[in-house]
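The next block holds one structure in the form of structure tokens; read it before the comments.
No experiment lies behind these values; they were computed from the predicted model shown.
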Amino acid sequence: STPSEGSVMSWNSAPEAPASALPGSAQPPRWSLATRLTLWYAASSFVLISLSTGYLYWALTLHLDQEDDQFLAEKVQLVRVLLREQSGGPVVLPRDGALGQTTPGFSSFYIRILSPEGRALLTSAGMDELLPASLFPQASADGSIRSQEMHLSNGRIFLVASVRLPAGETDHTTHLLQLGMDRTQEE
């Protein structure tokens, strides 16, 4: 027998019971749209700000490292000119602090020039105790500056570099230039 039309209508039009009303089913209540949007906004803002901060920090440290390398390159060029002009004679450094002397008794920049025989031609005050020659990287044969960061046992951080410079225009011997720059305040 077929069901009557009235019974079919009542069967299809009956409202469904909500899942939470069914016995034995315990679903957590759904968060409101405002709560979900607030959480989504907060999470996406946190991610965007974190990424932006990370990028800015990376760009700043890269710029500071490039600035320090440029500073060392300028000092190498200054010493190169002084050695070329004073070949055979003593090297006289400028008194205006051009090589980094900041206050008496404290220097943020140290320089050592060694002759081809390894004899010190010029050494900044205190450099031998603070930065012995053994801490410096090997100078490259092509005259490029090789720098590296050194963490000393006393907690100070230095950017050190070695470069070979010609002793004179006609002479084929080279001087070894060792540079040290205190970066403790930058870190």
Side-chain angles (χ1 to χ4, degrees), residues 36-86 91-116 118 120-167 174-187:
R36 286 182 283 163
L37 287 174
T38 301
L39 290 174
W40 176 251
Y41 176 76
S44 62
S45 295
F46 177 76
V47 168
L48 286 174
I49 290 172
S50 296
L51 289 174
S52 299
T53 303
Y55 173 76
L56 290 174
Y57 178 77
W58 172 79
L60 178 65
T61 56
L62 181 66
H63 177 71
L64 288 175
D65 287 343
Q66 288 174 344
E67 201 173 78
D68 289 344
D69 290 341
Q70 180 65 32
F71 177 79
L72 287 179
E74 289 171 4
K75 299 309 174 193
V76 167
Q77 187 60 30
L78 175 66
V79 172
R80 184 175 282 147
V81 168
L82 289 171
L83 286 173
R84 190 177 11 198
E85 291 175 359
Q86 302 292 331
V91 176
V92 179
L93 296 177
R95 293 179 124 346
D96 63 356
L99 282 177
Q101 187 71 21
T102 54
T103 58
F106 177 78
S107 180
S108 61
F109 184 76
Y110 296 88
I111 184 171
R112 179 186 298 122
I113 302 174
L114 301 172
S115 70
L121 300 176
L122 177 121
T123 304
S124 298
M127 184 173 183
D128 289 331
E129 298 82 28
L130 189 62
L131 297 169
S134 61
L135 288 181
F136 286 83
Q138 291 292 324
S140 65
D142 63 359
S144 62
I145 301 172
R146 285 190 177 169
S147 62
Q148 67 184 43
E149 196 169 82
M150 298 294 274
H151 296 262
L152 302 181
S153 60
N154 63 5
R156 292 176 73 180
I157 301 168
F158 280 87
L159 182 65
V160 295
S162 298
V163 64
R164 293 221 171 264
L165 301 175
T174 58
H175 292 300
L176 178 61
L177 174 63
Q178 295 178 331
L179 307 162
M181 186 173 81
D182 192 348
R183 296 182 68 188
T184 306
Q185 299 302 319
E186 291 181 22
E187 301 295 323

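For Q138, the CD atom is loosely surrounded, since the number of other residues' heavy atoms within 6.0 Å does not exceed 12.
Taking CD from Q66 and OG1 from T61, the interatomic distance works out to 9.5 Å, rounded to the nearest 0.5 Å. The CE atom of M181 sits 12.5 Å away from the OH atom of Y110 when rounded to the nearest 0.5 Å. F158 contributes atom CZ, which lies 11.5 Å from atom CZ of R183 (distance to the nearest 0.5 angstrom). Note: L159 CG to F71 CZ = 10.0 Å, rounded to the nearest 0.5 Å. Put simply, CD1 on I145 and CD on Q70 are 8.5 Å apart, with the number rounded to the nearest 0.5 Å. Interatomic distance, CG of L60 versus OH of Y55, reported as 11.5 Å (0.5 Å rounding).
With contacts defined as side-chain heavy-atom distances shorter than 4.5 Å, the pair P137/V160 qualifies. When side chains are defined from C-beta on, I111 counts as touching L122, because their heavy atoms get closer than 4.5 Å. Side-chain atoms of N154 and L130, non-hydrogen and from C-beta on, do get closer than 4.5 Å to each other. Contact annotation: the side chain of H175 never approaches that of L114 to less than 4.5 Å [non-hydrogen atoms, C-beta and beyond].
A pairwise comparison of heavy atoms in E149 and I157 identifies CG-CG2, 3.6 Å as the closest pair. The shortest heavy-atom contact between G155 and T184 is O-CG2, 4.2 Å. Considering all non-hydrogen atoms of both residues, L176 and A139 come closest at CD1-CB, 3.6 Å. Here the closest non-hydrogen pair linking F109 and S124 is O-OG, 4.3 Å.
Looking only at distances, no side-chain donor or acceptor of S162 sits under 3.5 Å from a matching main-chain atom of Q178. T53 places no side-chain N or O within donor-acceptor distance of the main-chain N or O of S50, the cut-off being under 3.5 Å.
Of the options L72, T174, L177, a side-chain contact (heavy atoms from CB on, under 4.5 Å) to V163 is made by L177 and by none of the others.
With sequence neighbours excluded, the residues that form a salt bridge (Lys or Arg N to Asp or Glu O under 4.0 Å) with D128 are R112.
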